[in-house]
Protein chains: 2
Amino acid sequence: MNLLFMLMSATIKDIAKLAGVSISTVSRALNNNPRVKKGTMDKIQDIAKSLNFEFNAGARSLSSKITGNIALVYDAHINGFEVSLYINQLFLEVRYILEQMDMDTILLTGYDVNTGASNIKRIVHKKKVDGFLIVHDSITNDDYKTIQAAGLPIVQLHMVPRNDISVRFDSFYSDNFMGGQMATNHLISLGCRSILTVLPFAEESKEYSQRVLGYKKALEDSDLPFNKELVVSVECAYLSGYNLFNSIPKIIKQVDGIFFQADIQAFGFLTAARERGIDIPGDIKVIGYDDVPMCQTVIPSLSSIHQPRKELAELACKRIIQRINSPINLKPECRYLLPSIVLRTSS
Amino acid sequence: MNLLFMLMSATIKDIAKLAGVSISTVSRALNNNPRVKKGTMDKIQDIAKSLNFEFNAGARSLSSKITGNIALVYDAHINGFEVSLYINQLFLEVRYILEQMDMDTILLTGYDVNTGASNIKRIVHKKKVDGFLIVHDSITNDDYKTIQAAGLPIVQLHMVPRNDISVRFDSFYSDNFMGGQMATNHLISLGCRSILTVLPFAEESKEYSQRVLGYKKALEDSDLPFNKELVVSVECAYLSGYNLFNSIPKIIKQVDGIFFQADIQAFGFLTAARERGIDIPGDIKVIGYDDVPMCQTVIPSLSSIHQPRKELAELACKRIIQRINSPINLKPECRYLLPSIVLRTSS
DNA sequence: TTGTATGCGTTATCAC
DNA sequence: GTGATAACGCATACAA
């Protein structure tokens, strides 16, 4: 007799009938309301379990505003190989953590690629989520306001908004300044005195400019001169790293260390160096950024700066859950987590 | 006065008041019910637009069963660099298409990594989605049944279920058999007579075994002998490709073409070949599989089999939307799409 | 062509 | 401790 229920999605009404109590009691019991008697509670929960009962999400959100969903907003324009790989790893992390917290994830781009329409406004007004996890650096102020007007928490993750709005909500970033500084200091500590840094073209992205600042700081601290010719932007691709010997031959010749801000550029360079009989790390020491899996298996294996994505994801998720569960007016928290340096044979 | 509404998420009740009609008329108008008079309809839709109106998803799903969400189910164990990259690209494609169709995507793993609990059952009983897009080869029969009992459409995408359940629902796969055949035929047509195929370890994954079958077929068709020693499984990593000269030196020596079933393995091999002065494609012709972005920029650029992920994503999405919109009892459709071959300098 | 009334499954405010 | 009952926002059968 229960077989039917097991397939058909039971409701609290069904459970009430089976338990011989009212739906109010069932509702309370399944929400662990302490007012219900232990015996009743156990009985009801047993029945619920045996029926594979789950709350009807629509009904629940209608009546209590709780959806059990979190919006994970990303930028549709992130299609770059390297970036999308990193972001993808971050997402898997987020998914994993939210799942432990019984939250589902609605994945969406901030803006429709074709129409430019805001998916954020849409999702807010549809009341589909309990909060926003934002991995996007160009959300409009209007949209931030829309979310806040709806009383939903915002947690900014990984991407620093381009139009800096100070600290209006919780933010968890990787410290790119420190990352740049660490990479450069590492090369300096190995004896490098003429250090090139190569970064991807990226119009207004803050992360690379921060890393360059960290690079500068490290030079300064060691009384090494800063030479702006040693900061070069090339496409974020294997080939641009490979072509460095042709595109900037004179610079490469005078350099004893290179800090690549994208691993993939470093991979190309390593290959080219090998072809030219240039010893890595003997002649030039090399370090990358992002610590993609291939760093471990390339020859020579690539030292790299590892961003704390696991920790970032965890902090961000915990924070948004906390905001959702307790609308206490905590001050927004903005944290820049330190990356770590993974030493391999290229440096 | 409308300002408040614009922020606060209007309801059809609000619109009814503003338009001077009943909520039923508003509901009809916003659902494009032809029974409502053109004038009324326009008026109502204008107001709705001006208020940024969106249906309350919870209410709507309660009353009409429509959630506007699709579950995209993946396998949490897919963490491999290469696979996860491909899957990620597939997901972005799916997201993009579903967005055009006004569908939101709930991204979830089939089973909780820690408890093993079925997220599918949970999401079905919570009534959170209108259909399932499955990119997972080990969904339990029980779960498939749960979905179908709930009357929700299932579309299987990219991953062929391990325990083959014939054609119980719509399925869109890349034709791995043909892919293997195409790659091999290509090498044969270039004059190769001793062709090695290298594939990733992967216990029971069907895709690689299919490619091997295609490889065999191609040999057969050209009256070339099949030598099982020329089918080798190694880890799906750059390094395993690189190490081939050490791990199977005799085989490499006798071979004039290699079909790598993962691009990344080929990348490693290309580097190793270069170091040893082995000319690619002069001495050995090489082709990979998946056509990851790096194929274009590696030296020599890597020929590769391109899976039709855009087309697969599109077919799968269109199909599931069609199923959702019209519960007509169409026969399940199972399609194996042909991959294409991208020729570059490695072959 | 439009309005009234009912129900969807849940929570919450009352009573008892 | 527990049970009626209203309310959440929308769709729809039925009236008008």
Side-chain angles (χ1 to χ4, degrees), chain A residues 5 8-45 47-48 51-69 123-128 130 150-151 325, chain B residues 5 8-45 47-48 51-68 122-128 130 150-151 325:
Chain A
F5 285 138
M8 293 296 289
S9 304
T11 68
I12 56 171
K13 206 169 162 185
D14 300 324
I15 298 181
K17 214 167 291 171
L18 289 173
V21 296
S22 72
I23 60 166
S24 335
T25 302
V26 174
S27 175
R28 290 190 197 101
L30 296 178
N31 283 295
N32 291 307
N33 186 321
R35 290 194 328 200
V36 31
K37 192 164 61 180
K38 176 107 174 61
T40 328
M41 170 96 78
D42 289 346
K43 183 173 171 190
I44 291 173
Q45 292 188 338
I47 296 177
L51 296 185
N52 274 325
F53 172 83
E54 299 281 350
F55 288 109
N56 178 309
R60 196 168 216 202
S61 94
L62 229 203
S63 144
S64 75
K65 311 304 175 201
I66 295 171
T67 68
N69 295 146
I123 218 93
V124 166
H125 288 131
K126 276 186 187 299
K127 300 209 184 301
K128 275 199 173 185
D130 298 330
N325 292 337
Chain B
F5 284 139
M8 293 297 289
S9 306
T11 68
I12 56 171
K13 205 171 162 185
D14 299 324
I15 298 181
K17 214 168 292 172
L18 289 173
V21 297
S22 74
I23 60 166
S24 0
T25 303
V26 175
S27 174
R28 291 192 195 98
L30 296 178
N31 285 295
N32 292 307
N33 186 320
R35 292 196 325 201
V36 31
K37 189 165 62 179
K38 175 106 176 64
T40 328
M41 170 98 76
D42 290 347
K43 183 172 171 190
I44 290 173
Q45 291 188 338
I47 296 177
L51 296 184
N52 275 321
F53 172 82
E54 299 282 349
F55 288 109
N56 178 309
R60 195 164 219 210
S61 94
L62 230 203
S63 130
S64 75
K65 312 304 176 203
I66 296 170
T67 68
R122 188 174 57 75
I123 218 93
V124 165
H125 288 131
K126 277 186 188 295
K127 300 207 183 301
K128 276 199 173 185
D130 299 329
N325 292 337

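When reading the values below, keep in mind they use all heavy atoms of this one structure, side chains included, and skip hydrogens, waters and symmetry mates. Here is how names work: the chains are called A, B, and so on, in the same order as the sequence lines, proteins then strands, and each is numbered from 1.
Toward the 5′ end of DNA chain C lies the nearest nucleotide of B/Gly20, the other residue of the pair B/Gly20 and A/Asn56 mapping further downstream. Residue whose closest nucleotide on DNA chain D sits further toward the 5' end, between A/Thr40 and A/Ile23: A/Thr40.
Residue B/Leu62 contributes atom CG, which lies 8 Å from atom P of C/dT10 at whole-angstrom precision. We find that CG of B/Asn32 is positioned 17 Å from C1' of D/dT12, with the value rounded to whole Å. The NZ-P distance, from B/Lys128 to C/dG9, rounds to 17 Å in whole Å. Taking atom CZ on A/Phe53 and atom P on C/dT10, their separation rounds to 4 Å, with Å as the unit. One can place CD1 of A/Ile12 at 15 Å from P of D/dT2, the figure rounded to the nearest angstrom. Whole-Å rounding puts the B/Lys38 NZ to C/dT2 P distance at 13 Å. If you measure from atom CG of B/Asp42 to atom C1' of C/dT1, you get 15 Å, rounded to the nearest angstrom. Whole-Å rounding puts the A/Ile15 CD1 to C/dG9 C1' distance at 12 Å.
When distances run from any side-chain atom of A/Lys37 to the nucleotides C/dT10, D/dG1, C/dT1, the shortest one goes to D/dG1. For B/Arg60, the side-chain atoms get nearest to D/dA11 when compared with the rest of D/dT2, D/dA11, C/dG9.
With hydrogens and angles disregarded, no donor-acceptor distance shorter than 3.5 Å links the side chain of A/Asn31 to the backbone of A/Asn33. In terms of modelled atom types and a separation under 3.5 Å, the side chain of A/Lys128 and the main chain of B/Gly68 share a donor-acceptor contact. Within the 3.5 Å criterion, the main-chain N or O of B/Thr67 finds a donor-acceptor partner in the side chain of B/Asp130. Not a single donor-acceptor pair under 3.5 Å links the side chain of A/Ser63 to the backbone N or O of A/Ala59.
Residues B/Lys43 and B/Val21 have side chains not in contact (no heavy-atom distance under 4.5 Å, counting atoms from C-beta outward). Side-chain atoms of B/Phe53 and B/Ile47, non-hydrogen and from C-beta on, never get closer than 4.5 Å to each other.
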Provide a list of protein-nucleic acid N or O atom pairs under 3.5 angstrom, restricted to nucleotides 13-16 of chain D.
{"from": "D/dA13", "atom 1": "N6", "to": "B/Arg28", "atom 2": "NH2", "distance (Å)": "3.2"}

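Using a 4.0 Å heavy-atom criterion, one finds that B/Ser61 contacts no nucleic acid atom at all. Heavy atoms of B/Val21 sit under 4.0 angstrom from primed sugar atoms or phosphate atoms, though from no base atom.
Distances shown here put every side-chain N or O of B/Ser64 at or beyond 4.0 Å from the OP1 or OP2 atom of C/dC8. Using a 4.0 Å cut-off, some side-chain N or O of B/Asn31 falls inside it from OP1 or OP2 of D/dA11. Checking the phosphate oxygens (OP1, OP2) of C/dT2, no side-chain nitrogen or oxygen of B/Ser22 falls inside 4.0 Å. At least one side-chain nitrogen or oxygen of B/Ser27 sits closer than 4.0 Å to the OP1 or OP2 atom of D/dA11.
Taking the charged nitrogens against the carboxylate oxygens, B/Glu54 and A/Lys126 do have a contact shorter than 4.0 Å, which makes a salt bridge.
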Pair B/Leu30, B/Gln45 - check side chain to side chain contact (heavy atoms under 4.5 Å, CB included), show working. CA-CA 6 Å; B/Leu30 296 178; B/Gln45 291 188 338; 4.2 Å; yes
Is there a side chain to side chain contact (heavy atoms under 4.5 Å, CB included) between A/Val26 and A/Lys13 once you walk through the steps? CA-CA 8 Å; A/Val26 174; A/Lys13 206 169 162 185; over 6 Å; no
Pair B/Thr11, B/Asn56 - check side chain to side chain contact (heavy atoms under 4.5 Å, CB included), show working. CA-CA 8 Å; B/Thr11 68; B/Asn56 178 309; over 6 Å; no
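Counting distance only, with no hydrogens placed and no angle test, the side-chain atoms of A/Ser63 and the base atoms of D/dC8 include no donor-acceptor pair under 3.5 Å.
Direction of the helix axis in the helix from C/dT1-D/dA16 to C/dC16-D/dG1 shifts by 40° between the two five-pair termini, rounded to 10°.
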